[in-house]
Amino acid sequence: MANATLSDLAESASISSPPSSMEIAKDRAFRGLTRGFAWLTVLVVFLVVYEVATKAMPAISQHGLRFLTSSTWDVQNEEFGVLPEIWGTLYSSLLALLIGGFFGVSIAIFLTQDFLPHKVEWAFKNVVELLAAIPSVVYGLWGIFVVIPMLRPFATWLHENLGWIPFFKTSLSGPGMLPAALVLSIMILPTVSAISRDALSNVPKKLKEAAFGLGATRWEAIIGVIVPTASTGIFGALVLGFGRALGETMALAMLVGNSNQMSISLFSPGNTLAALLANLFPEAGEREEPVLMYAALILLAITLLVNICGAFVLKHASARMRGGAK
């Protein structure tokens, strides 16, 4: 008994002993390494912005804010404007967010609320996540050979019968805004569904049980309790999905039509900033290169603004959920 007591005391003494100087050095080195990598990431972002802004400076000084409000792209006369591209970037991304956001959150609800057996749920989850592994150019080819022919009869019927509605005032002759938005919504689907699924899975089960105890049905508990509780994470998923859509290049370059025009019609061709850069940069001359870097800087600014606004709304919503907002 005495020997056991002495061994217990020795073990507790070794456990409660202060860290050695080697352990302290390792801890400090690890903290310094992680802090260095964090600052390195910030530095890389600033370097990218600095390089793009430096090369865009001649175009900024020459064209100024007129570059944002003009729709002319004439290399010979050195007249450049990206207003149609800004419109196409925001319009296609918002359409994709509406479609992909709805289906992404629906899939997340379907996979987290015990609608399927565990093995089938696991298979569905992996299939959705595999969508993120498909290359962008494959999505573009699929859109050209499958989505556009599939949509054309339906688009023609809408144009002929409901052409007085601005969304259907043009016909779908080939690439257009709706095929691009549909393919883009599938591309952001894994991001939205994965993060929304994590947010819904982290909702305490006691909340659902309490809702059932108060007489709520299954869907009343999901819509009225679980989704509002996970709304902060779902909103974060939508913001990330929107940011992903803003920067997509190859699929939109193949599907949006690359037309320098602005239209609210879902079937008219358009253009985006990323598609403009992808199409023109390989053959850009000395006059076009600073202008394209200016367009890249605008795309960076739009993405940064979206993320800042999303972070602000997310922080405010989190504070309200915790009861911190007055």
Side-chain angles (χ1 to χ4, degrees), residues 73 84-85 87-104 106-107 110 123-163 165-194 240-283 299:
W73 193 276
E85 284 74 22
W87 164 258
T89 300
L90 296 175
Y91 192 36
S92 61
S93 299
L94 285 172
L95 288 174
L97 183 64
L98 289 174
I99 301 171
F102 174 78
F103 284 102
S106 300
I107 289 172
F110 187 67
F124 268 84
K125 181 181 71 174
N126 283 275
V127 168
V128 173
E129 291 178 351
L130 282 174
L131 292 175
I134 300 176
S136 177
V137 66
V138 175
Y139 276 113
L141 292 172
W142 178 70
I144 290 173
F145 293 108
V146 177
V147 176
I148 292 177
M150 180 179 65
L151 287 177
R152 189 176 286 121
F154 181 63
T156 301
W157 184 88
L158 287 175
H159 173 62
E160 292 176 351
N161 295 273
L162 300 173
I165 300 176
F167 292 108
F168 313 130
K169 67 180 181 181
T170 60
S171 60
L172 183 66
S173 57
M177 194 61 68
L178 183 61
L182 284 175
V183 172
L184 195 56
S185 67
I186 297 174
M187 296 179 72
I188 70 172
L189 193 63
T191 301
V192 176
S193 64
L240 288 176
F242 187 58
R244 169 78 171 83
L246 287 172
E248 176 51 42
T249 304
M250 285 309 301
L252 285 179
M254 299 169 69
L255 292 171
V256 78
N258 304 311
S259 178
N260 200 39
Q261 63 176 345
M262 294 175 60
S263 175
I264 199 174
S265 175
L266 297 174
F267 309 137
S268 67
N271 207 355
T272 66
L273 290 168
L276 178 76
L277 295 172
N279 289 323
L280 298 185
F281 228 113
E283 301 177 356
L299 181 58

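Numbering starts at 1 and runs along the sequence shown.
Among all heavy-atom pairs drawn from Leu189 and Gly100, the shortest one is CD1-O, 3.6 Å. In terms of heavy-atom proximity, Ser92 sits nearest to Ala181 at O-CB, 4.1 Å. Residues Ala251 and Ser136 approach most closely at N-OG, 3.1 Å, considering heavy atoms.
Leu255 is listed as a side-chain neighbour of Ile148, based on a closest heavy-atom distance under 4.5 Å. Glu85 has its side chain within reach of Asn260: a pair of non-hydrogen atoms, C-beta onward, lies under 4.5 Å apart. Put simply, the side chain of Pro190 does not reach to within 4.5 Å of the side chain of Glu129, judged on heavy atoms. Between Leu184 and Leu252 the shortest side-chain heavy-atom distance falls below 4.5 Å. Under the 4.5 Å side-chain criterion, counting only non-hydrogen atoms from C-beta, Leu95 is not in contact with Leu178. Using a 4.5 Å heavy-atom threshold, the side chains of Met187 and Val183 count as touching.
A donor-acceptor contact shorter than 3.5 Å is absent between the side chain of Ser93 and the backbone of Phe242. Side chain of Asn258 to main chain of Ala253: a donor-acceptor pair is present (N/O by atom type, distance under 3.5 Å, no hydrogens or angles). Using modelled atom types, no side-chain atom of Ser173 and backbone atom of Ser171 make a donor-acceptor pair closer than 3.5 Å. Trp87 contributes a side-chain N or O that, together with a main-chain N or O of Ser263, makes up a donor-acceptor pair within less than 3.5 Å.
Rounding to the nearest 0.5 angstrom, the gap separating the OG atom in Ser193 from the CD1 atom in Ile107 is 5.5 Å. Of the inter-residue distances, the one linking Arg152 atom CZ with Leu172 atom CG reads 6.0 Å to the nearest 0.5 angstrom. With rounding to the nearest 0.5 Å, the separation of CG in Leu131 from CG in Asn126 is 11.0 Å. Atom CG of Leu266 sits about 6.0 Å away from atom CZ of Phe168, to the nearest 0.5 Å. With rounding to the nearest 0.5 angstrom, the CG atom of Leu273 is 10.0 Å from the OG1 atom of Thr249. Between the OG atom in Ser259 and the CE atom in Met177 there is a gap of 9.5 Å [rounded to 0.5 Å].
Looking only at atom types and distance, the side chain of Thr170 has a donor-acceptor partner in the side chain of Ser265 under 3.5 Å away.
Partner of Pro179 under the side-chain contact (heavy atoms from CB on, under 4.5 Å) criterion, chosen from Ile144, Val146, Leu151, Val256: Leu151.
Within a 6.0 Å radius of CZ in Phe281, other residues, nucleotides and ligands contribute more than 12 heavy atoms.
The aromatic rings of Phe124 and Phe110 sit perpendicular, their planes meeting at an angle over 60°, well past the 30° parallel limit. In this pair, Tyr139 and Trp142 present their aromatic rings perpendicular. The plane angle is above 60°, beyond the 30 to 60° band.
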Given side chain to side chain contact (heavy atoms under 4.5 Å, CB included), test Ile264 with Tyr91 step by step and report yes or no. CA-CA 8 Å; Ile264 199 174; Tyr91 192 36; 3.7 Å; yes
